[in-house]
Amino acid sequence: MNEKEKYDVIKELVDHNGNKNRASKKLGISRRQINRLIIKYKEKGKSGFVHGNRGHAPSKALDPSISEDIILLYKNKYQDWNFNHFKDFLKKDEMIDVSYDFIYKTLTKAGILSPKARKKTKRKYTKQKLLREKKINLAMSDEQIETIISHEVALEDSHPRGEKPKYFGEVIEQDGSIHLWFGGIKTCLHLAIDKATSTIVGAWFDKQETLNGYYHVLYQILTNYGIPYKFFTDNRTVFNYMSLNPDKRTSDKDVLTQYGYACKQLGIELETSSVSQAKGLIERTNGTFQGRLVNELKLQGITTIEEANKYLTEIFVPDFNKRFAMDYKKFSSVFELSPSLEKINYTLAVLTPRKIDNGNSIKYQNKYYQPYQGNNLKCFLPKTECLVIKAYNGQLLVTIDEQVYELKELSRNEIFSKEFDEIIEVKEKKKYIPPMTHPWKIEYFKKQLKKAHTEHVYA
């Protein structure tokens, strides 16, 4: 209760012999408390109504120097970190354990806004500053200004909540985010997140948005969780791919065709969209990663893609899931059992149609190869169609007439000279050649290629 109001009511009551019941109603206290206040007024006068703790700092009050330390640390060491991330590292590395609210108020009073602040927050801060600096309405108190600012929401800032899938593995959103993640060179983070639980199920850095990056993510999903029901991903790569001259198209850039073919063999539904708002969860997660991961990689002094992938998969993603994701073990799962490593290796393959040339060779990635069965060279007629298979582990194979052969590189010059070099016989380890049970028929792949580019080119 306001101290001045108490003093005025009790003074009026004592000086004019007023009604105690009316005074208790007015102040909202009991008649017994009114009697105590009358005694206090007669003994101490106005000073008796001043609260006893006035002028005394609370026992749990923080040292003012902590605020200064927080501002200096943010400006010098943790610049551009979002406040929540900054709070985590204040506790972890600087031994300063304060609440998010304290950090927020300390930094905003110093004129520092979070780099991840939404447009609504920035507009609120600007409007608040304008109201106070220009004094638009002098009759308004700070509380009234805060109420006006806090309750006004622009239409574009209002996002109605949508329902999430029921099961873990029902929908996995994927996207590639090209950003200045580390080392001063832009790289692409390939990311996959389960929509029901917000669990990061796969993440991988590559130089660009590539099939290799998505295959690494899919490998993590298959080995750690199993086969999901559906992927919901972007089809920008198809637009870029289709815009290229047909003579310049390469299989490793054709993400939808290759990835779609792999998903088909695993029984995974693949849905694509060019509308970013349709994949709100992965888009927001990319923003969170940009706000947190960039700063952590910088703090760790990481500059290479190998170091970044190690930190990403071993440290950042597990910590991120522990902090932000729901426990997927509490959800019913629609993931099917993981395939064997052999099946994963040959399913996550890059398939490239080729033709045998006049020299019984196949040109692939600017090198020449020849088909072998064991140690025996196999010869075919020129212009025979074949399908080159580059397995996930890098092994090169070729299918010709429903038979799988090993590809051996044909060097420009012989490695050894029979006349001048001493040749030491090295027993070559027999390589495993998978049977033709894998879907590697060139007709199947051509159908998938045609289907992918007719269905999604206008999506």
Side-chain angles (χ1 to χ4, degrees), residues 208-216 218 233 235-266 268 270 272 342-373 377-410 431-457 459:
Q208 295 177 348
E209 189 174 6
T210 62
L211 178 64
N212 177 62
Y214 284 115
Y215 269 177
H216 272 84
L218 182 50
T233 186
N235 62 0
R236 286 177 305 174
T237 314
V238 178
F239 291 140
N240 294 338
Y241 177 82
M242 292 301 292
S243 65
L244 290 173
N245 186 300
D247 297 331
K248 294 184 178 179
R249 295 178 186 171
T250 57
S251 56
D252 61 324
K253 287 185 179 179
D254 192 0
V255 174
L256 185 62
T257 302
Q258 298 281 351
Y259 199 77
Y261 196 59
C263 288
K264 182 181 178 183
Q265 309 318 317
L266 293 167
I268 304 171
L270 180 62
T272 64
E342 179 195 321
K343 184 174 181 180
I344 294 174
N345 181 47
Y346 292 120
T347 302
L348 305 188
V350 179
L351 311 179
T352 311
R354 285 289 185 269
K355 289 183 180 180
I356 303 289
D357 65 11
N358 293 328
N360 196 53
S361 300
I362 299 166
K363 190 175 182 181
Y364 181 73
Q365 294 184 343
N366 295 321
K367 293 180 180 179
Y368 287 95
Y369 296 88
Q370 290 182 325
Y372 277 79
Q373 192 170 42
L377 176 66
K378 302 297 291 184
C379 298
F380 298 90
L381 290 173
K383 296 186 179 178
T384 298
E385 289 191 338
C386 59
L387 193 64
V388 175
I389 299 114
K390 184 179 181 182
Y392 182 77
N393 64 2
Q395 182 184 10
L396 283 177
L397 305 166
V398 63
T399 59
I400 306 171
D401 297 333
E402 299 191 20
Q403 181 66 42
V404 183
Y405 302 96
E406 180 188 359
L407 280 182
K408 291 185 179 181
E409 185 180 347
L410 181 65
K431 293 184 179 178
Y432 172 76
I433 305 297
M436 193 60 189
T437 53
H438 292 278
W440 288 338
K441 290 184 179 180
I442 192 167
E443 292 80 10
Y444 294 166
F445 184 70
K446 282 182 176 179
K447 284 180 183 178
Q448 169 66 17
L449 188 145
K450 184 178 179 181
K451 182 182 177 183
H453 292 295
T454 52
E455 283 186 356
H456 298 280
V457 66

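Only this structure's heavy atoms are used, side chains among them; waters, hydrogens and symmetry mates stay out. Computed from a predicted structure; not experimentally measured. All residue numbers in this chain count up from 1 along the given sequence.
- A pairwise comparison of heavy atoms in Leu266 and Lys343 identifies CD2-CE, 4.4 Å as the closest pair.
- Tyr372 carries Lys408 over the face of its six-membered ring, with the cationic atom under 6.0 Å from the centre and within 45° of the normal.
- Annotation: side chain of Pro353 is in contact with side chain of Leu387 (closest heavy-atom distance under 4.5 Å).
- Other residues, nucleotides and ligands place no more than 12 heavy atoms under 6.0 Å from the OH atom of Tyr368.
- Under a 3.5 Å cut-off, the side chain of Tyr215 and the backbone N or O of Ala349 do form a donor-acceptor pair.
- The CZ atom of Arg354 sits 15.0 Å away from the OG1 atom of Thr384 when rounded to the nearest 0.5 Å.
- Once rounded to the nearest 0.5 Å, the distance linking CG of Leu407 with OG of Ser361 reads 10.0 Å.
- Between Cys263 atom SG and Leu270 atom CG the span is 5.0 Å, to the nearest 0.5 Å.
- Between Tyr259 and Leu218 there is a side-chain heavy-atom pair separated by less than 4.5 Å.
- The NZ atom of Lys383 sits 8.0 Å away from atom CG of Asn358, with the distance rounded to the nearest 0.5 Å.
- Between the OH atom of Tyr261 and the OG1 atom of Thr347 there is a distance of 10.0 Å, given to the nearest 0.5 Å.
- You'll find the side chain of Glu402 stays beyond 4.5 Å of the side chain of Thr399, heavy atoms only.
- Here OH of Tyr369 is found 5.0 Å from CG of Leu396. Values are rounded to the nearest 0.5 Å.
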Applying side-chain contact (heavy atoms from CB on, under 4.5 Å) to Gln370 and Leu377, what does each step give before you reach the verdict?
CA-CA 7 Å; Gln370 290 182 325; Leu377 176 66; 3.7 Å; yes
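- None of Ile362, Val398, Leu381 except one satisfies the side-chain contact (heavy atoms from CB on, under 4.5 Å) rule with Ile356; the exception is Ile362.
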Without placing hydrogens or testing angles, list every side-chain donor-acceptor pair under 3.5 Å for residues 388-395, not counting sequence neighbours.
residue: Asn393; atom: OD1; partner: Gln395; partner atom: N; Å: 3.1
residue: Gln395; atom: OE1; partner: Tyr346; partner atom: OH; Å: 2.8
residue: Gln395; atom: NE2; partner: Tyr432; partner atom: O; Å: 3.0

